[in-house]
Amino acid sequence: ESAITRPKGYNVSFHCNPDMEKHHFGMTHPMKPWRLTLSKSLIYSYGMSFAMDNYISRAATYEELASFHSTDYLDFLGTVLPEPVPRDLENQNPDLKFNLGGSDCPLFDGLYDYCSLSAGGALDAARKITSKQSDIAIAWGGGLHHAKKAEASGFCYINDIVIAILELLRFYPRVLYIDIDVHHGDGVEEAFFSTDRVMTVSFHKYDPHNFFPGTGALDDNGPKNEHNPGAHHAVNVPLNDGITDEQYDMLFNSIIGRIVEKFRPSAIVLQCGADSLAGDRLGRFNLQVQGHGACVKFCKKFGLPLILFGGGGYTPRNVARAWTYETSIAVGCQDNISPVLPQHTPWRDQFRQDTLFPTLEQILGEPRQNRNPQKRLQEIVQHISEQLRFVQA
Ligand code: V1S
Ligand code: CA
Ligand code: ZN
């Protein structure tokens with residue numbers, strides 16, 4: 001018998017669309033929309049659909065996409081056709097229009113549908129929150145944080161997060177955006193650089209010359225001129241390889257705790273990019289499913305309207321584990337679900353081990369060296385505490 005019951009007193013909605021999951025970026029490309037299918041099947045195997053309101057998300061309209069993106073860009077995105085690019089020439093092409101068609105942001109069949117479905121799910125989630133039908137809304141197909149107003153970047157074409165936050169701002173005075181993807185949430189940060197109604201916080205691996213996108217230094221906190229209300233409202237937490245659950249938990253709790261106290265958000269949007277997990281194909285951290293999920297637990301405790309988005313995540317079995325555990329936290333059944341994967345889980349072989357919580361040894365063999373001295377982490381907390389003196393709700 002399933003131990004999963006509907007949470008009392010609050011509603012969780014789950015937004016996905018199987019049509020989004022069938023798209024392919026290309027054989028060698030790390031972004032695999034199929035990871036969404038794997039995640040959803042594990043979530044459903046645990047019986048969690050019975051504890052949530054489940055919606056097939058719709059495609060966002062052109063006008064909805066244009067709430068953030070330029071029409072020039074959208075028109076090009078809507079008409080451009082996939083063109084076979086000779087592999088050896090693609091990185092030498094100096095003038096990709098809107099950064100479309102290179103190896104990071106390839107043109108593939110159904111690209112516009114893929115983008116509008118991701119944004120549609122994010123908007124559906126935002127509207128369930130603003131209509132108060134949901135307390136927590138989950139859209140694992142969203143979270144594409146690098147896309148700019150008129151430019152694709154880092155596997156992201158449409159910034160569904162910005163579009164969803166713009167919708168929240170129609171109803172709420174202040175929104176806190178938190179990004180635990182291993183990459184800097186540059187697109188969302190830039191979109192809200194000049195407003196004090198959105199505070200953006202990104203935790204990421206920072207190495208300006210060797211790690212994408214190369215932005216997000218500790219003292220990049222928004223254009224600092226006295227006429228810019230958004231000054232000091234961008235918080236960056238630059239990290240090095242190998243950070244552990246324990247260190248991340250300490251940082252996340254002290255930084256987010258202080259920010260919530262000072263900024264007093266009316267809603268929280270948490271981008272849960274799963275490439276910050278140990279063993280990710282592109283990531284460099286040593287986070288486990290428990291440490292990643294602890295961020296969701298911490299955010300949920302504030303009792304504010306909450307949206308959970310996906311994002312990066314390039315080792316599908318770990319992505320599925322993390323987003324399943326995080327769905328269980330949203331629903332409140334995390335202490336009742338079995339740490340052993342359900343016997344009837346589809347694609348069970350994909351998971352290698354039958355546990356929801358593999359050890360670092362199981363994931364990596366040898367853990368990645370931790371290059372985050374405690375002293376540096378304290379300096380980061382100190383800098384952010386000083387930055388927050390300039391912030392008022
Ligand atoms: N790291 C990394 C990486 N790997 C690739 C890549 C690899 C194989 C391919 F067939 C195509 C692309 N690109 C990158 C990064 C972009 C990372 C984007 C992360 C997205 C997110 O998780 O934050 C949110 C969904 N791009 C680069 O590092 C740029 C290059 C500079 C180096 C790699 N080459 C392939 C492109 C140019
Ligand atoms: Ca991040
Ligand atoms: Zn990422």
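As the structure is a computational prediction, the values presented were derived from the model and not from experiment. Numbering of ligands and ligand atoms starts at 1, following listing order.
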**OP:** Pick one of side chain, backbone, both or neither for how Val182 approaches ligand 1, counting any non-hydrogen atom pair under 4.0 Å.
**Re:** neither
**OP:** Run the salt-bridge test on Lys205 and Asp275 with the 4.0 Å N-O cut-off and return the result as yes or no.
**Re:** no
**OP:** Please state whether Gly273 comes within less than 4.0 angstrom of ligand 1, counting heavy atoms only.
**Re:** no
Original post:
Could an N or O of ligand 1 be found under 3.5 Å from any N or O of His29, whether backbone or side chain?
Top reply: no
**OP:** For ligand 1, indicate whether the residue Asp181 contacts it via side chain, backbone, both or neither (heavy-atom separation under 4.0 Å).
**Re:** side chain
**OP:** Report yes or no: does Gln271 have an N/O/S atom closer than 3.0 Å to the Ca ion (ligand 2)?
**Re:** no
Original post:
At a non-hydrogen distance cut-off of under 4.0 Å, which region of Pro213 contacts ligand 1 (side chain, backbone, both, or neither)?
Top reply: neither
Subject >> Region of Phe211 engaging ligand 1 - heavy atom pairs below 4.0 Å >> reply: neither
**OP:** Find out whether Val198 and His233 are in side-chain contact, i.e. whether some heavy atom of one side chain is under 4.5 Å from a heavy atom of the other.
**Re:** no
Original post:
So does Arg58 pair up with Glu64, basic N to acidic O under 4.0 Å?
Top reply: yes
Original post:
Are there more than 12 heavy atoms of other residues, nucleotides or ligands under 6.0 Å from atom NZ of Lys149?
Top reply: no
Original post:
Is it the side chain, the backbone, both or neither of His183 that has a heavy atom closer than 4.0 Å to ligand 1?
Top reply: side chain
Original post:
Is any NZ, NE, NH1 or NH2 atom of the basic residue among Asp186 and Lys148 found under 4.0 Å from an Asp or Glu carboxylate oxygen of the other?
Top reply: yes
Original post:
Can you tell me if an N/O/S atom from His183 lies under 2.8 Å from the Zn ion (ligand 3)?
Top reply: yes
Original post:
Is the Ca ion (ligand 2) less than 3.0 Å from at least one N/O/S atom of Phe203?
Top reply: yes
Original post:
What N, O or S atom of Asp181 is found closest to the Zn ion (ligand 3)?
Top reply: OD1
Subject >> Residue Asp275 atom name (nearest to the Zn ion (ligand 3); N/O/S) >> reply: OD2
Subject >> the Ca ion (ligand 2) reached by His183 (N, O or S, under 3.0 Å) >> reply: yes
